[in-house]
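What follows is a single structure, written as structure tokens, with notes after it.
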Amino acid sequence: TLDRSSAASDVYKRQVYIEYGNEMWSFATIAGAANFNEARKEVLAGNSTLNQGNETNEAVWSMRRYAKRSKEIAAIFYNVHGLNNPNDRIRPVLGFQYVSPESNLRKLLEYIQQNFGAPKNYFYGTASAPFIGQVSVFNEGMTVNDYLNHLEMENNRMFLATSNIMDQGLAWTKFYELNFLAHEAGGFHDASYTLPGNLSDLQKKAIRDTLAAAMENPRITTIYNDYLTNWFTYGGPGSVFTWFVAVSYTHLTLPTSDLV
């Protein structure tokens, strides 16, 4: 519950980031599936902008509804708290699938612009999940150095000038004068739900032990500091980073003012 009274504590003065739902582009999630069904109902009821341009792809209807509903939720918060600026305390964000900025983010922003006006009037920024240390590296013979080398490689590759995925997401975000956020990110060092099912419990334990040892290796300091520094340098002022899986911060020097 957010206390909007004048007598509220300092907690009230902190920024609140709002997202309609997690991974709404995925219809395998509860929220994504519910939004998909609601989009179909709206189109079938008639007089909807979700199928404008004679659009017949139901997945497009769903993503348009996600954008529209996110805008409506933002308006509710602004009204309750007497605000009208997404750069103030209430900061709605529009999430998108990190690997699909052209087919996902661009279309969301274009839909808002065409039907409701500039997205910056409703949203503080866009948000995706730029993880490093993807699960493809997890195998029985993986060593600590194997995993750390993989993290370094992905970190360097992510922020290369030729990294089309990152560049496209940032370009569309800045084109619409929004901020660039990571609503969940970090390293895939918790493999508890991603290990191949054909491995034995003993094999899985060996991989988890290797990952745990990697988190205690001093090299992780440099890797994650570079990761965070690159992110804030790339995203510029106003960018936010939310670490998804907890790590030991003993080794890290983090820009805590922008780390959620």
Side-chain angles (χ1 to χ4, degrees), residues 22-23 25-26 28-29 95-105 126-171 180-235 239-256 258-260:
N22 184 45
E23 296 187 354
W25 43 264
S26 172
T29 65
F96 69 97
Q97 188 178 24
Y98 170 71
V99 297
S100 305
E102 280 292 314
S103 61
N104 193 288
L105 177 61
T126 66
S128 64
F131 283 98
I132 60 173
Q134 297 294 330
V135 297
S136 60
V137 73
F138 296 161
N139 58 69
E140 183 181 1
M142 181 182 69
T143 67
V144 168
N145 280 333
D146 287 339
Y147 183 68
L148 295 177
N149 290 341
H150 186 75
L151 282 180
E152 286 182 338
M153 180 273 293
E154 287 204 348
N155 183 33
N156 292 334
R157 184 178 61 183
M158 177 178 288
F159 297 99
L160 286 175
T162 56
S163 176
N164 291 330
I165 292 176
M166 180 74 82
D167 282 349
Q168 289 171 9
L170 180 63
F180 203 44
L181 289 77
H183 65 164
E184 59 178 56
F188 268 112
H189 51 264
D190 180 356
S192 58
Y193 59 95
T194 55
L195 292 178
N198 61 341
L199 296 179
S200 68
D201 288 343
L202 191 61
Q203 290 171 322
K204 291 178 180 179
K205 181 180 184 304
I207 294 175
R208 294 189 184 112
D209 288 346
T210 299
L211 293 173
M215 292 303 101
E216 295 300 322
N217 189 294
R219 284 180 61 194
I220 203 68
T221 307
T222 301
I223 294 171
Y224 280 159
N225 277 335
D226 286 348
Y227 178 37
L228 290 168
T229 299
N230 287 339
W231 172 263
F232 288 110
T233 300
Y234 205 86
S239 90
V240 175
F241 189 103
T242 306
W243 204 284
F244 180 61
V245 183
V247 300
S248 170
Y249 291 115
T250 305
H251 294 309
L252 305 179
T253 303
L254 303 176
T256 53
D258 291 310
L259 185 69
V260 177

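Ion pairing of K205 with D201 is absent here, as no side-chain N (NZ or NE/NH1/NH2) approaches a carboxylate O to less than 4.0 Å.
Using bins of under 30°, 30° to 60° and over 60° for the plane-to-plane angle, the ring pair F232/F241 lands in the tilted bin.
Inter-residue side-chain proximity for N145 and R219 is flagged as met; some heavy-atom pair is nearer than 4.5 Å. Looking at heavy atoms from C-beta onward, H150 lies out of side-chain contact with M142 at the 4.5 angstrom threshold.
Side chain to side chain, S100 and Q97 meet the donor-acceptor criterion of an N or O pair below 3.5 Å.
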Inset, instruction - Evaluate the side-chain contact (heavy atoms from CB on, under 4.5 Å) criterion for residues T126 and L181: first the C-alpha distance (whole Å), next the side-chain angles of each, then the deciding distance (0.1 Å), finally the verdict. - result: CA-CA 6 Å; T126 66; L181 289 77; 5.9 Å; no

Inset, instruction - Would you sort out whether Y224 and I132 count as a side-chain contact (heavy atoms from CB on, under 4.5 Å), showing the intermediate values? - result: CA-CA 10 Å; Y224 280 159; I132 60 173; 4.1 Å; yes

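No option in I223, D226, N156 other than I223 meets the side-chain contact (heavy atoms from CB on, under 4.5 Å) test with L151.
Of all the heavy atoms in S128 and H183, the pair that sits closest is O-CD2, 2.8 Å. Across all non-hydrogen atoms, the minimal contact from W231 to V240 is NE1-O, 3.3 Å. Of all heavy-atom pairs spanning Y227 and P130, the tightest one is OH-O, 2.5 Å. Taking all atoms of both residues into account, the shortest heavy-atom contact from I165 to P101 is O-CG, 3.6 Å. Residues A214 and Y147 approach most closely at CB-CD2, 3.9 Å, considering heavy atoms.
One distance of note links CD of E184 with CD of E23; it measures 5.5 Å at 0.5 Å rounding. Interatomic distance, NZ of K204 versus CG of L199, reported as 6.5 Å (0.5 Å rounding). Atoms CG and CH2, from N104 and W25 in turn, are 8.5 Å apart once rounded to the nearest 0.5 Å. Atom OG1 of residue T210 and atom CG of residue N217 lie 12.0 Å apart, to the nearest 0.5 angstrom.
Looking at D146, its side chain does come within 3.5 Å of a backbone N or O of T143 through a donor-acceptor pair.
In this structure, W243 has its ring center at least 6.0 angstrom away from the ring center of F131.
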